[in-house]
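Below is one structure, written out as structure tokens; the observations come after it.
Counting convention: from 1, in listed order, for ligands and their atoms alike. Note that the structure is predicted; figures quoted are calculated from it, not measured.
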Amino acid sequence: MSNYNWCHGPECHTKETQSRVRGSGDNKVLRTIKIKENRYGGYQSGIWNHFCNQRCLMDYLETHIQSVVAIAPRREALETPIKVVKEKYDTQRYQYTNNGYQPYDVIATRTTIKRVDNDNG
Ligand SMILES: [Zn+2]
């Protein structure tokens with residue numbers, strides 16, 4: 001048994017594609033796309049079970065963004081503890097000379113962001 005949803009894109013039924021044409025004779029319509037659940041092997045099925053494509057997803061968000069952010073409002077910034085580690089290392093740069101590009105030695109600085117594990121202090 002497969003389950004289906006109608007695409008939630010507010011303009012889905014107005015896009016002129018052959019896949020949306022239904023009816024016969026002079027009674028044809030453009031119809032909202034019917035989506036089979038888990039059609040991409042379950043990839044991001046929470047989203048793609050309800051939207052036929054990214055355009056419909058963005059149209060929906062544009063129309064309903066105030067309601068969407070009201071579900072889980074962000075009233076203050078979140079923070080992730082980190083350490084910023086700077087370390088020097090030997091490397092080479094190149095400069096143009098009469099003999100073409102030639103390497104020369106330099107000491108460079110590498111900056112790395114490391115997560116701080118809160119569980120182990
Ligand atoms: Zn759609």
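Rounded to the nearest 0.5 Å, atoms NZ (K86) and OG1 (T112) are 9.5 Å apart. Taken to the nearest 0.5 Å, the NZ atom of K15 stands 5.5 Å off from the CG atom of D59. Note that the CD atom of E37 and the NE2 atom of H50 stand 6.5 Å from one another [nearest 0.5 Å]. For the atom pair CZ of R115 and CD1 of I82, the computed distance is 9.0 Å after rounding to the nearest 0.5 Å.
Listed by chain and residue number, the protein N/O/S atoms under 2.8 Å of the Zn ion (ligand 1) are C7 SG, C12 SG, C52 SG, C56 SG, with waters left out.
Residues I35 and W48 approach most closely at CG2-O, 3.4 Å, considering heavy atoms.
Tracing side-chain contacts under 4.5 Å through hydrophobic residues (I, L, V, M, F, W, Y), one never reaches W6 starting from Y60; they form parts of separate clusters.
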